[in-house]
Amino acid sequence: MKRTVPMSQRRYRKEGGACCPFCGSEQIEGQDVTAGGGYAEQEQACYDCDKVWTDTYALTGYLEEQ
């Protein structure tokens, strides 16, 4: 399904970043994650529409290892 406008930031978060925000394709690939200071980012690329974007992440807490 080709989109005519990019999906909203809110919808992209709701979708969990599992598809291209520009065309809706699930044919995406992420590069290495860069992290530091409670913030991380990851470049993403879509194989169907050739768009490139950066996903951003924020620290929400930690999980204790058992």
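Reckoned from all heavy atoms, side chains included, excluding hydrogens, waters and symmetry mates.
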Inset, instruction - Inspect the surroundings of CD in Glu26 and state if more than 12 heavy atoms from other residues, nucleotides or ligands are less than 6.0 Å away. - result: no
Legend entry - 4.5 Å side-chain heavy-atom contact, Ile28 and Tyr47: no
Legend entry - Student check: side-chain heavy atoms of Phe22 and Val5 closer than 4.5 Å: no
Legend entry - Rounded distance [0.5 Å steps], CG in Asp55 versus CD in Gln31: 11.5 Å
Legend entry - Set of side-chain contact (heavy atoms from CB on, under 4.5 Å) partners for Ala45, sequence neighbours left out: Val52
Inset, instruction - Return each pair, listed once, that meets salt bridge (Lys or Arg N to Asp or Glu O under 4.0 Å) where at least one residue sits in residues 13-23; pairs must be two or more places apart or across chains. - result: Arg11-Glu15
Legend entry - Minimal non-hydrogen separation, Cys20 against Trp53, with atom names: CA-CH2, 3.8 Å
Legend entry - Sub-4.5 Å side-chain heavy-atom contact between Cys49 and Ser25: no
Legend entry - Those residues that, when tested against Gln42, pass side chain to side chain donor-acceptor pair (under 3.5 Å) (two or more places apart): Gln44, Tyr57
Legend entry - Reported OH-to-CG distance for the pair Tyr39 and Leu59, which is rounded to 0.5 angstrom: 13.5 Å
